[in-house]
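Mind looking over this structure? Questions follow.
For the numbers below, each heavy atom of this structure counts, side chains included, while hydrogens, waters and symmetry mates do not. In what follows, chains carry the letters A, B, and so on, assigned in the order in which the sequence lines appear, proteins first and then strands, with residues in each chain numbered from 1.
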Amino acid sequence: MLSGYGIIMLYTEILNDNKDFLALYRNGRYIASEYSVIYVRPNGRPYNRLGITAGKKIGNAVHRNRAKRLIRLAYRQAELSLPIGIDLVIVARSRLTEISSSEYCAYMDSKGVPEIERCARKMMKK
RNA sequence: UGAGCAGUCCAUACGGCAGCGGGAUCGUUCAGGUCACGAGGAAAGUCCGGGCAUCACAGAGCAGGGUAGCUGCUAACGGCAGCCGAGGGCGACCUUAGGGCAAGUGCAACAGAGAUAUACUGCCUCCGCUUGCGGGGGUGAUGGUGGAAAGGCGGGGUAAGAGCCCACCAGAGUGCGGGAGACCGUACUGCUAUGUAAACCCUACCCGAUGCAACGUCUAUUGGUGUCAGGUAUCUUAACGUCUGCUCGGCGGAUAUCUGGCAAUGACGGCUUGAGCCUUCCGGCGACGGAAGGAGUAGAUAAAUUGCCGUACACGACAGAACCCGGCUUAUCGGUCUGGUCACAUU
RNA sequence: GGACAGAUGGCUGAGCUGGUCUAAGGCGCACGACUGGAACUCGUGUGUACGUUAAUAGCGUACCGAGGGUUCGAAUCCCUCUCUGUCCG
């Protein structure tokens with residue numbers, strides 16, 4: 001239903017309200033690595049919501065754009081294997097600009113997705 | 001051949017697969033297919049100048065801000081071009097906030113006798129006597145200090161000295177000649193005037209304020225808030241509000257309360273063809289102007305150009321549009337071409 | 001995106017109508033006094049780098065975010081950058 005929106009394909013909307021970001025930072029679970037920090041929280045909706053943060057620390061506008069692209073790419077590839085009905089915020093870290101996209105996709109496949117699933121399941125039970 | 005100077009242009013290229021943004025079109029009302037297009041020379045810093053929009057417009061003055069050789073170019077500029085002066089370089093050429101302290105005021109620490117006017121050490125002379133001291137006068141050459149000591153240097157002159165006089169140089173004024181002008185050249189006069197205006201200031205010229213989160217249209221909720229209109233009560237012709245900060249002046253009577261409308265939220269518009277770019281010709285030393293012809297859809301809104309693979313080489317820097325232009329400044333791996341200069345060699 | 005502020009020792013914070021006499025003052029730190037021992041209080045000292053030196057002493061030079069300029073002289077005035085922070089109907 002939201003495919004016309006572009007960036008994200010199937011079940012995902014863009015998260016763009018500052019309140020939602022703050023709520024996730026406070027109440028969500030997080031998975032940290034040297035490339036990124038992923039915040040997860042169930043939202044009780046029939047679709048997912050994704051937010052990306054690329055702060056000033058990462059570098060100039062070119063580097064920030066690259067970080068966002070990499071995260072979007074990785075999310076798109078991992079989307080089908082994710083549970084539906086969660087909010088995600090991915091915060092980029094400065095190491096992310098130094099690696100290639102395949103490296104980050106591999107990380108998401110092997111570690112990111114299972115961790116997100118685990119966190120989501122735990123919080124759903126509550 | 002080497003060194004160096006000034007400027008122009010380019011910003012890895014090509015192919016394959018997957019993907020993104022708005023648009024057109026097919027299809028159908030919702031998936032999707034097809035097509036072409038899709039970041040920069042600085043998109044940056046926000047340092048200037050405009051366009052555009054809203055507010056205010058009877059204006060006038062002061063304050064405040066900016067610019068600073070001249071002539072031009074331009075929509076405009078603190079930009080650019082040419083020229084002048086000063087400084088640097090053998091040279092091509094480069095640098096230059098470059099009006100006025102000779103209108104007034106201020107400041108100039110320390111040092112030094114003395115800092116914008118003086119007399120410590122001196123030099124000369126007169127008087128007195130205890131004969132190397134005291135007093136009067138002349139002088140600003142000498143000594144040291146300082147960023148700066150009353151134009152500089154040499155000669156004449158003198159008791160000693162001094163633009164007191166003379167030559168040359170620097171500066172000022174006046175006349176004449178040249179130039180569009182900044183200025184340049186020259187003659188005479190006069191006898192000289194410290195630095196600082198990126199100190200106040202003076203002179204000339206320019207400047208209304210706010211910025212696309214401007215602003216316009218539609219729309220949900222109306223409790224408070226703001227604002228506009230009307231009613232009621234109170235106070236009065238001076239206050240208050242507003243017009244840029246102030247003054248004059250103009251406009252609105254003001255405050256409280258009640259009723260009604262509007263605003264916010266969200267969406268859409270503003271949003272991209274523009275003082276635009278390229279080529280040729282004409283005018284101009286040039287910036288630039290004119291004419292003819294040609295090419296050409298970035299317009300997002302947590303924000304689009306990417307990921308992977310292959311080939312080639314110089315192994316790829318700085319860096320991402322957010323209303324739009326003209327500059328300036330700063331960052332930048334390198335490459336390309338053009339025009340001068342100097343040195344050496346050969347002819 | 002736009003409009004504005006600021007940057008001074010380890011920390012805080014004056015100096016910003018240029019002057020050479022020290023970059024005030026407070027906190028902190030070190031040492032000493034007070035005490036049986038501490039705290040409080042009082043006193044003295046205390047930035048960094050380089051050079052000199054046997055030397056941790058003393059002396060000299062430089063440094064007020066960075067780099068230029070004006071000036072005899074700059075923390076102060078002017079210009080260009082860097083960084084930090086604030087505001088937006």
Side-chain angles (χ1 to χ4, degrees):
Chain A
M1 63 177 282
L2 291 159
S3 59
Y5 216 68
I7 315 162
I8 311 300
M9 288 164 70
L10 298 170
Y11 315 103
T12 307
E13 209 173 72
I14 294 167
L15 189 67
N16 63 359
D17 198 333
N18 195 37
K19 280 182 198 166
D20 294 331
F21 276 83
L22 291 174
L24 258 170
Y25 292 146
R26 196 169 305 147
N27 301 323
R29 286 174 170 269
Y30 63 89
I31 304 140
S33 72
E34 56 180 331
Y35 307 127
S36 64
V37 183
I38 305 169
Y39 288 85
V40 190
R41 189 195 182 201
N43 61 4
R45 294 163 201 254
Y47 50 86
N48 291 352
R49 295 194 297 175
L50 173 69
I52 301 171
T53 301
K56 230 187 206 174
K57 278 182 194 172
I58 290 172
N60 55 29
V62 173
H63 286 118
R64 290 199 298 271
N65 280 347
R66 179 175 163 80
K68 282 191 272 187
R69 278 197 299 268
L70 287 183
I71 290 168
R72 262 189 241 120
L73 176 74
Y75 180 83
R76 202 160 42 237
Q77 292 190 353
E79 190 177 19
L80 286 173
S81 47
L82 285 174
I84 295 173
I86 55 170
D87 281 353
L88 277 175
V89 166
I90 305 180
V91 178
R93 284 187 163 173
S94 54
R95 282 290 306 281
L96 191 56
T97 57
E98 295 164 16
I99 60 170
S100 73
S101 67
S102 53
E103 251 179 277
Y104 189 64
C105 286
Y107 160 76
M108 279 294 271
D109 256 8
S110 63
K111 272 199 88 176
V113 173
E115 285 283 323
I116 291 168
E117 261 180 65
R118 210 157 54 81
C119 291
R121 237 183 293 126
K122 274 192 185 172
M123 291 193 75
M124 293 269 205
K125 278 183 190 170
K126 284 185 184 175

Note to self: A side-chain contact here means heavy atoms from C-beta on lying under 4.5 Å apart; do A:Thr53 and A:Val37 qualify?
What the structure shows: no
Margin query: Taking A:Arg41 first and then A:Asp87, would you say they form a salt bridge - that is, a charged N and a carboxylate O separated by under 4.0 Å?
Written below: no
Checklist line | Paired nucleotide for B:G175 [Watson-Crick or G-U wobble; both distances under 3.5 Å] | finding: B:U186
Next item on the list: In whole angstrom, give me the gap between the P atoms of B:U336 and B:A18.
Entry: 39 Å
Next item on the list: Look through every strand shown and name the nucleotide pairing with B:G64 as Watson-Crick or G-U wobble, where both distances are under 3.5 Å.
Entry: B:C207
Margin query: Per the ring pair (Phe, Tyr, Trp, His ring centres under 6.0 Å) rule, what does the pair list look like for residues 78-105 of chain A, sequence neighbours excluded?
Written below: A:Tyr104-A:Tyr107
Note to self: Is there a side-chain contact (heavy atoms from CB on, under 4.5 Å) between A:Glu117 and A:Val113? Walk through the geometry before answering.
What the structure shows: CA-CA 6 Å; A:Glu117 261 180 65; A:Val113 173; 3.8 Å; yes
Check: Just by modelled atom types, is the A:Ile58 backbone N or O under 3.5 Å from a matching donor or acceptor in the A:Arg64 side chain?
Finding: no
Checklist line | Syn/anti state of B:A193 by chi, 90° boundary around 0 | finding: syn
Heteroatom pairs (N/O) under 3.5 angstrom, protein to nucleotides 307-309 of chain B:
unit_1, atom_1, unit_2, atom_2, d
B:G307, OP1, A:Arg66, NH1, 2.6
B:G307, O3', A:Ser101, OG, 2.7
B:G307, O2', A:Ser101, OG, 2.8

Checklist line | A:Met108 and A:Ile38, any side-chain heavy atoms less than 4.5 Å apart | finding: yes
Check: Within this structure, what is the CZ-to-C1' distance between A:Arg49 and B:A302, rounded to whole angstrom?
Finding: 13 Å
Margin query: Say we look at B:C333 and B:A53: how far apart would their P atoms be, to the nearest angstrom?
Written below: 44 Å
Next item on the list: Hey, could you give me each pair passing salt bridge (charged side-chain N to carboxylate O under 4.0 Å, His left out) that has a residue in residues 96-110 of chain A? Not counting sequence neighbours.
Entry: A:Arg95-A:Glu98
Checklist line | Base partner of B:A302, which must satisfy Watson-Crick or wobble distances under 3.5 Å | finding: none
Check: Syn or anti: how is B:G78 classified when any glycosidic angle within 90° of 0 counts as syn?
Finding: anti
Next item on the list: Output, in order, the C-alpha distance, side-chain angles, deciding distance and verdict of side-chain contact (heavy atoms from CB on, under 4.5 Å) for A:Val40 and A:Leu88.
Entry: CA-CA 5 Å; A:Val40 190; A:Leu88 277 175; 3.8 Å; yes
Check: Rounding to the closest angstrom, what is the interatomic distance between B:U279 and B:C47 at atom C1'?
Finding: 36 Å
Next item on the list: Find the distance A:Arg76:CZ to B:C20:C1' and express it as a whole number of Å.
Entry: 7 Å
Item checked: P spacing across the pair B:G40 / B:A321, given as an integer number of angstrom -> 12 Å
Next item on the list: Just call it for A:Asn60: base, sugar-phosphate, or nothing, with non-hydrogen atoms closer than 4.0 Å on any strand.
Entry: sugar-phosphate
Check: Syn versus anti for B:G241, judged by chi lying within 90° of 0?
Finding: anti
Next item on the list: Calculate the interatomic distance between A:Ile71 atom CD1 and B:U306 atom P; express it in whole Å.
Entry: 17 Å
Next item on the list: Using Watson-Crick or G-U wobble geometry with both distances below 3.5 Å, tell me the partner of B:C248, or none.
Entry: B:G59
Item checked: Separation of the C1' atoms in B:U116 and B:G147, to the nearest angstrom -> 16 Å
Notebook entry, point to check: Taking atom C1' of B:C20 as reference, at what distance in whole Å does atom CD1 of A:Ile52 sit?
Noted result: 13 Å
Check: In terms of the nearest nucleotide of RNA chain B, which residue is placed more toward the 5' end: A:Val62 or A:Gly51?
Finding: A:Gly51
Notebook entry, point to check: Does B:A39 adopt a syn or an anti glycosidic conformation, taking syn as a chi angle within 90° of 0?
Noted result: syn
Check: Roughly how many Å is it from CZ in A:Arg64 to P in B:A304, rounded to a whole number?
Finding: 12 Å
Notebook entry, point to check: For B:A3, what is the paired nucleotide under Watson-Crick or G-U wobble rules, both distances under 3.5 Å?
Noted result: B:U341
Checklist line | Dot-bracket summary - RNA chain C, pairs being Watson-Crick or G-U whose distances fall under 3.5 Å, with | when paired to another strand | finding: ((((((((.[[[..)...(.....]]]((((((.......))))))((((((.....)))))).[[[[[..)....]]]]]))))))).
Note to self: Could you identify the nucleotide paired to B:A256, looking across every strand shown and requiring Watson-Crick or G-U wobble geometry with both distances under 3.5 Å?
What the structure shows: B:U232
Check: If we take the P atom in both C:A23 and C:G10, what is their distance in whole Å?
Finding: 14 Å
Checklist line | Whole-Å P distance, B:A42 and B:G290 | finding: 24 Å
Check: Which base, if any, makes a Watson-Crick or G-U wobble pair with B:U196, both distances under 3.5 Å?
Finding: B:G106
Notebook entry, point to check: With sequence neighbours left out, what residues match A:Asn65 under side chain to side chain donor-acceptor pair (under 3.5 Å)?
Noted result: none
Margin query: Applying side chain to side chain donor-acceptor pair (under 3.5 Å), can you list everything that pairs with A:Ser94, at least two apart in sequence or on another chain?
Written below: none
Next item on the list: Could you tell me the separation between the CG atom of A:Asn65 and the P atom of B:A44, rounded to a whole number of Å?
Entry: 14 Å
Note to self: Output the rounded distance in Å from NZ (A:Lys68) to C1' (B:U301).
What the structure shows: 11 Å
Next item on the list: For B:U257 and B:G51, measure between their P atoms and round to the nearest Å.
Entry: 46 Å
Next item on the list: For C:U82, decide between syn and anti, treating a glycosidic angle within 90° of 0 as syn.
Entry: anti
Notebook entry, point to check: Nearest heavy-atom pair of A:Ala92 and A:Ala67: which atoms, and what distance?
Noted result: CB-CB, 4.0 Å
Next item on the list: Could you tell me the separation between the OH atom of A:Tyr104 and the P atom of B:U306, rounded to a whole number of Å?
Entry: 20 Å
